[in-house]
Amino acid sequence: MASACPPAATTQPTLPSGPAVFKTVPYAFMLPEILCGTWVWILVAATSVSFPLQQGWVMYVSLTSCLISLMLLLSYIFGFHRNSNNWKVLDSLYHGATAILYLSAAVLQANATIVSEDSIKPLLCYQLNCAASFFAFITTFLYILHAFSIYYQ
């Protein structure tokens, strides 16, 4: 016997596009991620690089994640996602992987800062390394917040 009630339609939350990207919680983290990530690679580029492998990894992670996050933000603003559920999975995977990579870069930058403290380098390079370490950890935290807020949404 058929039921008299039609099946309930499942409502999926829509992905934001346009200016609404900056008002929703997981996607509002994207602009601060980009800005703090930009500060990381600007500050590392401004120092005299004492440890090319460590700070090279920091530059690579910060620059590529900044560019990919910018492209992802622009795709959300222009509505390229067309409200597909695959974009949520892509966004969550990207931000989760980038959070892990940024954590490794932040630890390496902090190590380069600690080791450069004992050298005879000018105080300005040490201060720039400290600021780069600070912003690297802030950016890591933002990527972790974004990944978990997408996952639990």
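Nothing here was measured: the structure is a model prediction, and the numbers come from that model. Numbering starts at 1 and runs along the sequence shown.
A heavy-atom distance below 4.5 Å is found between the side chains of Tyr27 and Ile150. Looking only at side-chain heavy atoms (C-beta outward), Trp39 and Ile138 stay at 4.5 Å or farther from each other. In this structure, the side chains of Asn86 and Leu90 stay at 4.5 Å or more apart for every pair of heavy atoms. At a threshold of 4.5 Å between non-hydrogen side-chain atoms, the residues Gln55 and Gln109 count as touching. Residues Phe29 and His95 have side chains not in contact (no heavy-atom distance under 4.5 Å, counting atoms from C-beta outward). Counting heavy atoms from C-beta outward, Leu101 and Trp57 have side chains that approach closer than 4.5 Å. Side-chain atoms of Cys36 and Leu142, non-hydrogen and from C-beta on, do get closer than 4.5 Å to each other.
Of the N and O atoms on the side chains of Ser65 and Thr98, not one donor lies less than 3.5 Å from an acceptor on the other residue.
A donor-acceptor pair is defined here as one N or O able to donate and one able to accept, closer than 3.5 Å; such a pair exists between the side chain of Ser75 and the backbone of Leu72. Proximity of a side-chain donor or acceptor of Ser69 to a complementary backbone N or O of Cys66 within less than 3.5 Å is not detected. Side-chain atoms of Ser92 never come within 3.5 Å of backbone atoms of Lys88 as a donor-acceptor pair (strictly under, hydrogens ignored).
Rounding to the nearest 0.5 Å places OG1 of Thr24 at 9.0 Å from OH of Tyr76. The line from CH2 of Trp87 to CZ of Phe80 is 8.0 Å long, rounded to the nearest 0.5 Å.
Ring-plane geometry between Tyr102 and Tyr143 is classed as parallel, the angle between the planes falling under 30 degrees on a 0 to 90 degree scale with a further cut at 60.
Val89 shares a hydrophobic cluster with Leu93; the chain of contacts runs through ILVMFWY side chains whose heavy atoms sit under 4.5 Å apart. Membership of the apolar cluster around Val107 extends to Leu103, Phe137, as traced through chained side-chain contacts below 4.5 Å between ILVMFWY residues.
No more than 12 heavy atoms of other residues, nucleotides or ligands lie within 6.0 Å of CZ in Phe141, so this atom counts as exposed by the packing criterion.
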